[in-house]
Novice: 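Have a look at the structure that comes next, please.
Just so you know, ligand 1 is whichever comes first in the structure, and atom 1 is the first atom listed for that ligand.
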Amino acid sequence: MESYDNVVKPWCSCILLSLLLLFVSSPSCSADPETHYHEFVVQATPVKRLCKTHNTITVNGQFPGPTLEVRNGDTLVIRVINRARYNVTIHWHGVRQLRTAWADGPEYVTQCPIQPGGSYTYRFTIQDQEGTLWWHAHSSWLRATVYGALIIYPRLGSSYPFTKPKRETPVLLGEWWDDNPIDVIRRATRTGAAPNVSDAYTINGQPGDLYNCSSQDTVIIPVDSGETNLLRVINAALNQELFLAIGNHQLTVVAADASYKKPFTTSVLMLGPGQTTDVLITANQPPGRYYIAARAYQSAQGAAFDNTTTTAILEYKSAPCPKKGLTLQPVFPSLPAYNDTTTATAFAAKFRSPSKVDIPTDIDENLFFTVGLGLFNCPPGFSQSRCQGPNGTRFTASMNNVSLVLPSSFSILQAYQQGVPGVYTTDFPPVPPVQFDYTGNVSRALWQPISGTKLYKLKYGSKVQLVLQDTSIVTAENHPIHIHGYDFYIIAEGFGNFNPQTDTAKFNLVDPPMRNTVAVPVNGWAVIRFVADNPGVWLMHCHLDVHITWGLAMAFLVENGEGELQSLQSPPADLPPC
Ligand SMILES: *[C@@H]1O[C@H](CO)[C@@H](O)[C@H](O)[C@H]1NC(C)=O
Ligand SMILES: *[C@@H]1O[C@H](CO)[C@@H](O)[C@H](O)[C@H]1NC(C)=O
Ligand SMILES: *[C@@H]1O[C@H](CO)[C@@H](O)[C@H](O)[C@H]1NC(C)=O
Ligand SMILES: *[C@@H]1O[C@H](CO)[C@@H](O)[C@H](O)[C@H]1NC(C)=O
Ligand SMILES: *[C@@H]1O[C@H](CO)[C@@H](O)[C@H](O)[C@H]1NC(C)=O
Ligand SMILES: *[C@@H]1O[C@H](CO)[C@@H](O)[C@H](O)[C@H]1NC(C)=O
Ligand SMILES: *[C@@H]1O[C@H](CO)[C@@H](O)[C@H](O)[C@H]1NC(C)=O
Ligand SMILES: *[C@@H]1O[C@H](CO)[C@@H](O)[C@H](O)[C@H]1NC(C)=O
Ligand SMILES: [Cu+2]
């Protein structure tokens, strides 16, 4: 494979380059699908960023973690060994996991966590997905540092639906705390206040030139004049939607969330956490150095956020070497304002499937879920110190007024499969229990949700339409909503309250984009459709980890269909106990 040979050789001998080394297992060349075996050792590793060394939780001592490269149709067998002091699970973000829900990973949903000293082997097959996905920890806030790319090439004999790029480079956007991220969220959970925001964003693990003690290690992505390369951009940040742009270069989007898209050209990308975007970039500018820069898209008004900017450098190999003592300042791109919802919206509206697709019609389940924040009044017996949210409350979040509480003695999937009572109920409301002006001035009496472990049951094969409606409770915000085990079509998005009488006119039932994460517009809504063809328990949640911590999640329980091929497999023998 050609990928990554680009990142290990210094091109400009007069510049000391610090290079990103990605350790990669190349697929070999047999025509049949392959099985790839990997060992992931979760362990504390000293990592120095922003002038300070932290004992960072990593996989195999690498930050970001190892890149997995497979072909469509291949099987992955990954033994995860936990040598850290925290419980951990790994989620293979966007992988459909057909019949293999046991390998999906969210803790207490499809498995109990792998406890320190324990191990668990994830086995799953990639079926009809191509492009860029990623993997990350799905336990507390460990995914702040435990993540990596999962690249899916076309089957042998098959090719990209676009000109073969000369080189391919993953661009992982991350978020760094000058602190232990687990301590940050534990403190916030104790006090009920919002957790501290991050201190830096990163590109392939490095903050870049604009931060203290970082410019030596800025990531360089080399390019030859005239060539067209593929960047696989992944938003792995914990809590922040991000804009990304490259000085003087246009980007052509060709895929997102491991499905191809009708190509379109743009100067800026917006990705919510969980989303991936594959772009072609042609080196058609004067040989030189150009910044790749990313910073926040912050839709919530008045909330604290990390307003720093991370950079890497796109460097033409023929760029003139700077004279001794002089630096060649890279060209900086223009980035939208932090609150530029217009740009975020215009970008989202450009996504289409490559051609006409088969959209589910004759809907069996017409669902309407509100998504948003809330405040719990201080519960009786709680001390003031545990109610440090606004006006002596605790922050929370919910879907349809239910704030998800995870069980602790079983995973939901185990409880379902073994018929254990009392772990969950299946009365998640299909529509909001109270109708109100979701995006208006919401009465304070509606701000406090209930807590529960409520699932929504779907018959195998049912055709689902789901309206996701943001609320302005506490603050309106763009929420990146991710569904495990499924891709879905985004058939419309809009602002204000979804109106079933008039907004159906906006439905794209021809070529809507398929994704696994939809950025629901701030003070607005998105409508998605999918067929419930994958049995199991599937978490749906906001991919801002602070919101999932507060309960902005629910789960679908999809029943088995007929026969083995429509039924969940048996649990693996090494499934961790609670
Ligand atoms: C937030 O960060 C500040 C320093 O920047 C630190 O003093 C404080 O303890 C942190 N608070 C929490 C809740 O993590
Ligand atoms: C960078 O270091 C300087 C000097 O120590 C300090 O004044 C400044 O606050 C630091 N900037 C950041 C963003 O930490
Ligand atoms: C970032 O926010 C801080 C205050 O939190 C402010 O002082 C600073 O000017 C802001 N920087 C930018 C680039 O907006
Ligand atoms: C965005 O922020 C700018 C300045 O920070 C402000 O003037 C403007 O009104 C804001 N726009 C929106 C749509 O909130
Ligand atoms: C907190 O209380 C103040 C004063 O009563 C009020 O103005 C403010 O809106 C309240 N904030 C929230 C989030 O309830
Ligand atoms: C929102 O409604 C409350 C009463 O329910 C009122 O006190 C407040 O002024 C309203 N705020 C706005 C911005 O209209
Ligand atoms: C949520 O449920 C609680 C408890 O029943 C209620 O007080 C609150 O008004 C509800 N809010 C909404 C938005 O339904
Ligand atoms: C780790 O997982 C075990 C099993 O579910 C649980 O009993 C324990 O409380 C967990 N530890 C933490 C720190 O969450
Ligand atoms: Cu959210």
Side-chain angles (χ1 to χ4, degrees), residues 49-57 86 140-142 144-145 175-202 207-214 237-245 268 270 291 293-311 332-348 382-390 392-396 439-441 470 472 474-479 493-496 519-524 544-547 549-550:
R49 295 290 184 277
L50 308 180
C51 324
K52 223 161 99 192
T53 302
H54 291 275
N55 235 346
T56 299
I57 307 299
Y86 302 111
S140 183
W141 272 22
L142 282 179
T145 57
E175 210 170 352
W176 182 261
W177 274 259
D178 193 19
D179 201 339
N180 176 346
I182 302 295
D183 292 345
V184 172
I185 189 56
R186 283 186 180 167
R187 276 182 231 125
T189 303
R190 200 163 52 233
T191 62
N196 271 355
V197 300
S198 56
D199 297 288
Y201 300 107
T202 55
D209 290 359
L210 307 186
Y211 298 90
N212 284 345
C213 308
S214 300
L238 210 61
N239 292 322
Q240 193 63 55
E241 300 182 305
L242 294 166
F243 288 119
L244 178 141
V268 61
M270 198 292 281
Y291 272 125
R295 72 174 189 189
Y297 164 48
Q298 173 67 13
S299 59
Q301 280 187 356
F305 71 103
D306 176 352
N307 63 4
T308 62
T309 303
T310 179
T311 55
F332 207 85
S334 92
L335 282 164
Y338 300 113
N339 61 359
D340 191 346
T341 290
T342 305
T343 293
T345 306
F347 176 67
F382 268 48
S383 77
Q384 280 290 312
S385 67
R386 298 189 63 184
C387 303
Q388 303 283 309
T393 61
R394 292 177 58 82
F395 272 109
T396 180
T439 51
N441 180 7
D470 185 29
S472 54
V474 185
T475 177
E477 184 163 1
N478 183 308
H479 298 280
E493 294 186 16
F495 290 99
V520 177
V522 49
N523 253 318
L544 306 178
D545 272 26
V546 55
H547 293 176
T549 307
W550 290 340

Novice: Which ligand 3 atoms does Y338 reach within 4.0 Å, using its non-hydrogen atoms?
Specialist: 12 (C), 13 (C), 14 (O)
Novice: Roughly how far apart are Q240 CD and R295 CZ, rounded to 0.5 Å?
Specialist: 11.5 Å
Novice: If only side-chain N and O atoms count, and only distance matters, is there a donor-acceptor pair under 3.5 Å linking T311 with D209?
Specialist: no
Novice: Could you tell me, atom by atom, which parts of ligand 4 come under 4.0 Å of a heavy atom of Q301?
Specialist: 14 (O)
Novice: So which residues, sorted by chain and number, lie with a heavy atom under 4.0 Å of ligand 1?
Specialist: R187, N196
Novice: What class does the angle between the rings of F243 and Y297 fall in, given that below 30° is parallel, 30 to 60° is tilted and above 60° is perpendicular?
Specialist: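 The rings of F243 and Y297 sit tilted, inter-plane angle from 30° to 60°.
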Novice: Considering residues at least two apart in sequence or located in another chain, which fulfil the ring pair (Phe, Tyr, Trp, His ring centres under 6.0 Å) criterion with F495?
Specialist: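 Ring pair (Phe, Tyr, Trp, His ring centres under 6.0 Å) check on F495 returns nothing, list empty.
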Novice: Side chains of H54 and D178: donor-acceptor distance under 3.5 Å anywhere?
Specialist: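 Short answer, yes.
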Novice: Is it true that the side chains of S140 and Y86 contain a donor and an acceptor less than 3.5 Å apart?
Specialist: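 No, Y86 and S140 have no side-chain donor paired with an acceptor closer than 3.5 Å.
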Novice: If you compare all heavy atoms of A245 against all heavy atoms of S334, which two are closest, and at what distance to 0.1 Å?
Specialist: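 What the structure gives for the nearest pair is CB-O, 4.0 Å.
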